[in-house]
Structure formats: structure tokens, C-alpha cells
Student: 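Input: one structure, supplied below.
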Protein chains: 2
Amino acid sequence: MGGVFKALSDPTRREILKLLRDGDKTAGEIAEQFEMSKPAISKHLDILRGAELVSWEKQGQYRMYSINLTVLQGALSEFMNVFEKENGHEK
Amino acid sequence: MGGVFKALSDPTRREILKLLRDGDKTAGEIAEQFEMSKPAISKHLDILRGAELVSWEKQGQYRMYSINLTVLQGALSEFMNVFEKENGHEK
DNA sequence: GTAACGTTTAACCATTTAGTTAACTATATA
DNA sequence: TATATAGTTAACTAAATGGTTAAACGTTAC
């Protein structure tokens, strides 16, 4: 879960996740939305994938990326749980 | 809010927050819980304070740190909201 | 006043991070 | 087969990060 927070610490990566929230996109479509180079975006995607926040599947010569919402929500709500009231966080 | 994720990206800082969840602590009491030096912890505390995740108040020669739960919960739930279903995230 | 304590600040260092350009791999197509 | 397209990998760089030790700053206590 540390990987998730590391992945989320970069604004570009958070922005990529927001883009993917609206639907799957190819690496190129994602890169278009940013001013930086494609290799830079490719590395961000690799970090997101390392944290299992996104996955991709080959579609011809494209890579179609999608967000793993359950991983994102799971990691964040697990962390937030620690700070909830009414919870002696006994475990 | 970017500052919050940056602050949360380090495991030591997340651990500090968990400690403070159980009650306010002085800088020294916090530092005791880790193997690293006091200056290192002091810097982590400064980053947490920069993100407004903690605050402190002078108590004699001590600094008593406390967690700002509302900031933590506010930032995380605002971010998570973006990824909730049933929400066209119209804004 | 001075010595001890609690904590931060300063200066420094090694590693990681986030970007670049160039080269490579794989697919599609003329 | 050759060329264009999509994307990653490699090599490199500047800046940020996270740690160290030493010095400084306040407060407490003798």
C-alpha cells in the first residue's frame, strides 16, 4: 500500500487517474493531454501499473489503459479507516 | 492538496500520523518510536505541518504535536469523491 | 550564571525522482 | 519489403528527498 501513496504523490499521475476515470485510453491518448514527452508519460504509467492502480491490455499496436478503481478505493479507504472515530483500531 | 499526498508518500510520516491518532505527543516522544535521528523526525514533522496535517503548541520546553484529522480526512475524501460512482463529477 | 534538556536549523551527502533525447520493438499498411 | 505509427527502454541529467552530524536556540533547574 505504500506503493499507492508513492504513486499518488505526483500530480501528473493523479491527473492520469482522473482521465482514466472517464474511460479507458491508449498511452498516446493519455500523453496528448500533457505537455511532457511520451517517455515521461510511459514511466508514469509504469509506476501506476506497479502500484496496480492501472492495467493495460494490448489492442493491436495500441496499449489500452484502464484504472483499477477497486485498488484505489481499497487502499485509500483502508488508510482512512485507521483515522475514523468510534474505532479503537483494535487490530 | 498536492502537499497532502506528498506528505503521505513517506512511510515514516504515515507512521507519525498513526501515532498521533492515539493522542498528542511531544517531538521527543515521537522520535523515540523511530530508529532515525531527531533532526530527521523534526524534518518529517515540518513537512506534515506544511501540509497542515499536524500542528503543535509550545508547552514549556516541549512542542506538543497533534494531528489535524479534519484536514487529513477532508483531503482524502475530496480526492476519493472524484472516483465515486453515481457521480458524473459534473463540477 | 551555567549546565542540562528538548528541539530545530545548517551544512552536507547519497539516493531517488522526474524529465529529456535517442534508440529499439512491435504492429499496421502501402 | 519498406515505411509509418504506437509505445517502451536506455542513457543521461538536474532537482528533490531523506538521512547524517554539528551547531544553535529556548527553557528548566541547580
Side-chain angles (χ1 to χ4, degrees), chain A residues 1-20 22-68 72 75 79, chain B residues 1-20 22-68 72 75 79:
Chain A
M1 194 206 62
V4 170
F5 280 106
K6 211 70 188 196
L8 293 178
S9 71
D10 183 87
T12 300
R13 290 194 289 269
R14 290 196 300 275
E15 208 48 52
I16 289 174
L17 291 177
K18 289 183 185 176
L19 285 176
L20 290 176
D22 294 332
D24 298 354
K25 292 195 171 36
T26 68
E29 288 169 332
I30 294 166
E32 275 177 1
Q33 307 298 315
F34 299 89
E35 305 222 307
M36 68 191 69
S37 68
K38 283 183 176 195
I41 296 298
S42 187
K43 280 209 286 184
H44 282 306
L45 287 169
D46 196 51
I47 288 166
L48 288 169
R49 191 199 47 72
E52 294 182 283
L53 289 170
V54 306
S55 31
W56 58 268
E57 125 185 344
K58 186 174 292 193
Q59 281 191 8
Q61 64 188 317
Y62 301 90
R63 273 198 193 184
M64 188 61 76
Y65 280 87
S66 41
I67 187 171
N68 293 341
L72 176 60
F79 181 73
Chain B
M1 193 208 62
V4 170
F5 280 106
K6 211 72 189 196
L8 292 179
S9 70
D10 182 85
T12 300
R13 291 193 289 268
R14 290 197 300 275
E15 208 50 50
I16 289 174
L17 291 177
K18 289 183 184 176
L19 285 176
L20 290 176
D22 294 332
D24 299 353
K25 292 196 172 36
T26 68
E29 288 170 333
I30 294 167
E32 275 177 1
Q33 307 297 314
F34 297 90
E35 304 223 308
M36 69 190 68
S37 68
K38 284 182 176 196
I41 296 298
S42 187
K43 280 209 285 186
H44 282 305
L45 287 169
D46 196 51
I47 288 166
L48 288 169
R49 192 199 46 72
E52 294 183 281
L53 288 170
V54 305
S55 31
W56 57 269
E57 126 185 342
K58 186 174 291 194
Q59 280 190 11
Q61 65 188 315
Y62 301 89
R63 272 198 194 185
M64 187 63 74
Y65 280 87
S66 43
I67 187 171
N68 293 341
L72 176 61
F79 181 73

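The chains referred to below are lettered A, B, ... by the order of the sequence lines, with proteins before strands, and numbering in each begins at 1.
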Student: Side-chain N or O of B:R63 versus OP1/OP2 of C:dG6: is the shortest distance under 4.0 Å?
Tutor: no
Student: Return the value, rounded to whole Å, for the distance between atom CD of A:E57 and atom C1' of C:dA26.
Tutor: 17 Å
Student: Please state whether the phosphate of D:dG26, meaning OP1 or OP2, lies under 4.0 angstrom from any side-chain nitrogen or oxygen of B:K58.
Tutor: no
Student: What is the distance from CD1 of A:I30 to P of D:dG7, rounded to the nearest Å?
Tutor: 9 Å
Student: Hey, what do you get for OG1 (B:T12) to CD (B:Q33), rounding to the nearest 0.5 Å?
Tutor: 12.5 Å
Student: Quick test: give all pairs of protein nitrogen or oxygen and nucleotides 17-22 of chain C nitrogen or oxygen below 3.5 Å, distance rounded to 0.1 Å.
Tutor:
unit_1: C:dA18; atom_1: OP1; unit_2: A:D10; atom_2: OD1; d: 3.4
unit_1: C:dA18; atom_1: OP2; unit_2: A:R13; atom_2: NH1; d: 3.2
unit_1: C:dA18; atom_1: OP2; unit_2: A:R13; atom_2: NH2; d: 3.4
unit_1: C:dG19; atom_1: OP2; unit_2: A:H44; atom_2: NE2; d: 2.2
unit_1: C:dG19; atom_1: N7; unit_2: A:K43; atom_2: NZ; d: 3.0
unit_1: C:dG19; atom_1: O6; unit_2: A:K43; atom_2: NZ; d: 2.6
unit_1: C:dT20; atom_1: OP2; unit_2: A:S37; atom_2: N; d: 2.9
unit_1: C:dT20; atom_1: OP2; unit_2: A:S37; atom_2: OG; d: 2.6

Student: What side-chain donor-acceptor pairs closer than 3.5 Å can you find for residues 53-66 of chain A, not counting sequence neighbours?
Tutor:
unit_1: A:S55; atom_1: OG; unit_2: A:N68; atom_2: OD1; d: 2.9

Student: Pick from A:R49, A:H44, A:K43: which one makes a side chain to side chain donor-acceptor pair (under 3.5 Å) with A:D46?
Tutor: A:R49
Student: Remember a base hit wins even if backbone is also touched, and classify A:Y65 as base, sugar-phosphate or nothing at under 4.0 Å, heavy atoms.
Tutor: sugar-phosphate
Student: Measure the distance from CD on A:Q61 to C1' on D:dA6 and round it to the nearest whole Å.
Tutor: 6 Å
Student: Looking at CG of A:L19 and CD1 of A:I30, how far apart are the two atoms once the value is rounded to the nearest 0.5 Å?
Tutor: 7.0 Å
Student: Nearest 0.5 angstrom please: B:R13 CZ to B:I41 CD1, how far?
Tutor: 10.5 Å
Student: Just how far, in rounded Å, is P of D:dT17 from CZ of A:F5?
Tutor: 18 Å
Student: Output the rounded distance in Å from CD1 (A:I41) to P (D:dA6).
Tutor: 16 Å
Student: From the set C:dG6, C:dT27, C:dT7, return the single nucleotide nearest to any side-chain atom of B:T26.
Tutor: C:dT7
Student: Over how many whole Å does the gap from A:W56 atom CH2 to C:dT27 atom C1' extend?
Tutor: 13 Å
Student: Calculate, to the nearest 0.5 Å, the distance between atoms CG and CG belonging to B:L72 and B:L20 respectively.
Tutor: 11.0 Å
